[in-house]
Amino acid sequence: MHLGLSRCALLVGERASFNGASALFSYCNRTSTNTFSTCNAFSNRKKSPYSSVDSERYSKLVKSVMTHRVSAQTPESLEEQDTHIYGPVIKSSTPNQPLPKVPKTRHPLLNHEKAFAISETEHGAAPARIILQRGQDRGSVPSVTRILQQTLSPEQQFFLERWRKRMIAQLGEEGFKEYSQNLFRQGKLFHIAVENVLPLKTEEKAPEVPAEVEGYMESIRHVMDDIRGVRAIESRVLHNKLGYLGIVDCVALYRGVLCVIDWKTSERSKPFLDNTYDNPLQVAAYVGALNNDVNYNYQVENGLIVVAYKDGSPAHPHLLSSDQVLQYWERWLVRLEEYSEKS
DNA sequence: GGATCCTTCTTCTTCTTC
């Protein structure tokens, strides 16, 4: 206790003197072009009131406070107390950096039997729209979203659950249900609106969009200006070796780069790729599936995630380089393996 | 007609003050 008080007093003293010095310094800088002459104030400043203190008389007190060991606390005794209060320290199995998981089997992302389609060759050709046949392979071929959903990390599950509980506390069970359904509805309407606009030539008049998604469409306008040569819209992709399927939102040239494009709506701003959670894995999964689907006679090595905002503020387009897609492909393969091990 | 599928979203710090 004594030690605590004296340390506190010392700290206050230090801070006070520091503030005094810095205040004086800034005063010097503000008031004079000749800093040195004004700062001579240091040398002829007023006598400190402490100079009148009988330092001899108090020196013993100061000495005793500074040297006497009041507390019996040692690192060992503190650790003992902590163990008693909080339980023993459990050392993490991955203390420094968590090792990135590596797929057991590395499947190629690209297909050497296919060519890259870089140019806008199929000009005028209608974009592919391979419809998902509901009946076929039911149950045996899992989808990309299903696999990602079922292999969320414990950390992801924790944060999602925490968010859900907080929202229910705010909105109530019914209110939360309504809120979620509304998010889904907006996402769906937005996708439909984009699909209607995409295949149009520039001179064609865009169809009416529901008022609810006008903001989102305004948000992606600057991105749409950079999109050409649409090859596929809402089209099924099936990886014929790995056995999973999905539906790509769009395949088109973005600034001349052929991409698998995923449109997203979001309430929160997502200016960085990291903000999009598993979305890059989803895109990489689609890229791999498309490259290994006989219905598409070309292959793709880039991805694009476009995050649109309801208030019409500019969408964030996240272009994935071929290296990035390859990295996320590896992570997707890990998730795919986790899924097959589970089921 | 009913059920099912794919997808649509949700997380990463949290709260007070001007």
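Proteins get letters first, then strands, A, B, ... in listed order; numbering begins at 1 in each.
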**Student:** Rounding to a whole Å, what distance do you find between A/K310:NZ and B/dT8:C1'?
**Tutor:**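 Roughly 14 Å, once rounded to whole Å.
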**Student:** Touch check for A/N275, heavy atoms < 4.0 angstrom, all strands: base, sugar-phosphate only, or nothing?
**Tutor:**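 Base, at least one base heavy atom under 4.0 Å.
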**Student:** Counting side-chain heavy atoms from C-beta on, which of B/dT7, B/dT10, B/dT11 comes nearest to A/T145?
**Tutor:**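 Per side-chain heavy atoms of A/T145, the pick is B/dT7.
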**Student:** Identify whether any heavy atom of A/Q181 sits under 4.0 Å from a base atom; if not, whether one sits that close to sugar-phosphate; answer base, sugar-phosphate or nothing.
**Tutor:**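 Answer is nothing: A/Q181 stays at 4.0 Å or more from every strand.
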**Student:** Please state the P separation for the pair B/dC6 and B/dG2 - nearest whole angstrom.
**Tutor:**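 Per the computed distance, 22 Å lies between those P atoms.
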**Student:** Side-chain N or O of A/R166 versus OP1/OP2 of B/dT10: is the shortest distance under 4.0 Å?
**Tutor:**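 Indeed not, no polar side-chain atom of A/R166 lies that close.
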**Student:** Do A/L273 and A/L320 make a side-chain contact, defined as non-hydrogen atoms from C-beta onward lying under 4.5 Å apart?
**Tutor:**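 Yes, close enough: below the 4.5 Å cut-off.
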**Student:** Let me know the distance between CD of A/Q170 and P of B/dC15, rounded to the nearest Å.
**Tutor:**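 To the nearest whole Å, that distance equals 11 Å.
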**Student:** If you look at every strand shown and take non-hydrogen atoms under 4.0 Å, does A/L160 touch a base, only sugar-phosphate, or nothing?
**Tutor:**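 Answer is base: heavy atoms of A/L160 come under 4.0 Å of a base.
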**Student:** Report yes if at least one side-chain N or O of A/S266 is closer than 4.0 Å to OP1 or OP2 of B/dT10; otherwise report no.
**Tutor:**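 Result: yes.
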**Student:** Given A/K101 and A/E337, is the salt bridge (Lys or Arg N to Asp or Glu O under 4.0 Å) satisfied, shown in steps?
**Tutor:** CA-CA 11 Å; A/K101 285 184 189 165; A/E337 283 173 359; over 6 Å; no
**Student:** Grab the CD-C1' distance between A/Q186 and B/dC9 for me, whole Å please.
**Tutor:**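 Going from A/Q186 (CD) to B/dC9 (C1'), I get 10 Å.
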**Student:** Any side chain to side chain donor-acceptor pair (under 3.5 Å) pairs touching residues 165-180 of chain A, not counting sequence neighbours?
**Tutor:**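 Non-adjacent pairs meeting side chain to side chain donor-acceptor pair (under 3.5 Å): A/Y179-A/E267.
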**Student:** If only side-chain N and O atoms of A/R162 are considered, is one of them under 4.0 Å from the OP1 or OP2 phosphate oxygen of B/dT14?
**Tutor:**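 So the side chain of A/R162 is within the cut-off, an N or O lying under 4.0 Å from OP1 or OP2 of B/dT14.
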**Student:** Fit a plane to each ring of A/F190 and A/Y216, take the angle between them on a 0 to 90° scale, and name the class: parallel (under 30°), tilted (30 to 60°) or perpendicular (over 60°).
**Tutor:**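 The arrangement is tilted - the two ring planes meet at 30° to 60°.
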**Student:** Over how many whole Å does the gap from A/I305 atom CD1 to B/dC9 atom C1' extend?
**Tutor:**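 It is 15 Å, rounded to the nearest whole Å.
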**Student:** Can you check whether A/S143 has a side-chain N or O nearer than 4.0 Å to OP1 or OP2 of B/dT7?
**Tutor:**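 Result: yes.
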**Student:** Between B/dT13 and B/dC9, how far apart are the two C1' atoms, rounded to whole Å?
**Tutor:**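 Straight-line distance between the two C1' atoms is 22 Å.
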**Student:** Quickly work out the A/N182 CG to B/dT10 C1' distance and round it to whole Å.
**Tutor:**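 So the CG-C1' distance, A/N182 to B/dT10, works out to 13 Å.
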**Student:** Side-chain N or O of A/T265 versus OP1/OP2 of B/dC9: is the shortest distance under 4.0 Å?
**Tutor:**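 Yes, such a contact exists.
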**Student:** For A/W163 and B/dT11, are the ring centres under 5.5 Å apart with planes inclined under 30°?
**Tutor:**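 No.
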**Student:** In whole angstrom, what separates A/D278's CG from B/dT7's P?
**Tutor:**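 Rounded to whole Å, this separation is 14 Å.
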**Student:** Using atom CZ of A/F184 as one end and atom P of B/dC9 as the other, report the distance to the nearest whole Å.
**Tutor:**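 From A/F184 CZ to B/dC9 P: 8 Å.
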**Student:** Starting at the 5' end of DNA chain B, which residue's closest nucleotide do you reach first, A/L152 or A/E234?
**Tutor:**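 Comparing both residues, the 5'-ward one is A/E234.
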**Student:** Rounded to whole Å, please give me the gap between CD1 in A/I233 and P in B/dT7.
**Tutor:**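 Those two atoms, CD1 and P, are 17 Å apart.
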**Student:** Looking only at side-chain N and O atoms, does A/Y286 offer a donor or acceptor that is under 3.5 Å from a partner on A/Q282?
**Tutor:**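 Checked: A/Q282/A/Y286 side chains pair up, N/O donor to acceptor below 3.5 Å.
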**Student:** Mind checking if A/K270 touches a base, just sugar-phosphate, or nothing, with heavy atoms under 4.0 Å?
**Tutor:**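 Sugar-phosphate only.
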**Student:** Does A/E155 reach a base, just sugar-phosphate, or nothing at all? Heavy atoms under 4.0 Å.
**Tutor:**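 No contact at all - A/E155 keeps every heavy atom at 4.0 Å or more from the nucleic acid.
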**Student:** Return no unless some side-chain N or O of A/S180 is found under 4.0 Å from OP1 or OP2 of B/dT10.
**Tutor:**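 Checking B/dT10 against A/S180, no side-chain N or O comes under 4.0 Å of OP1 or OP2.
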**Student:** Would the distance check show the side chain of A/R255 and the main-chain N or O of A/D226 forming a donor-acceptor pair, the cut-off being under 3.5 Å?
**Tutor:**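 The answer is no, because no donor-acceptor pair under 3.5 Å joins these two groups.
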**Student:** By the 4.0 Å heavy-atom rule, please label A/Y286 as base, sugar-phosphate, or nothing.
**Tutor:**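 Contact class for A/Y286: sugar-phosphate only.
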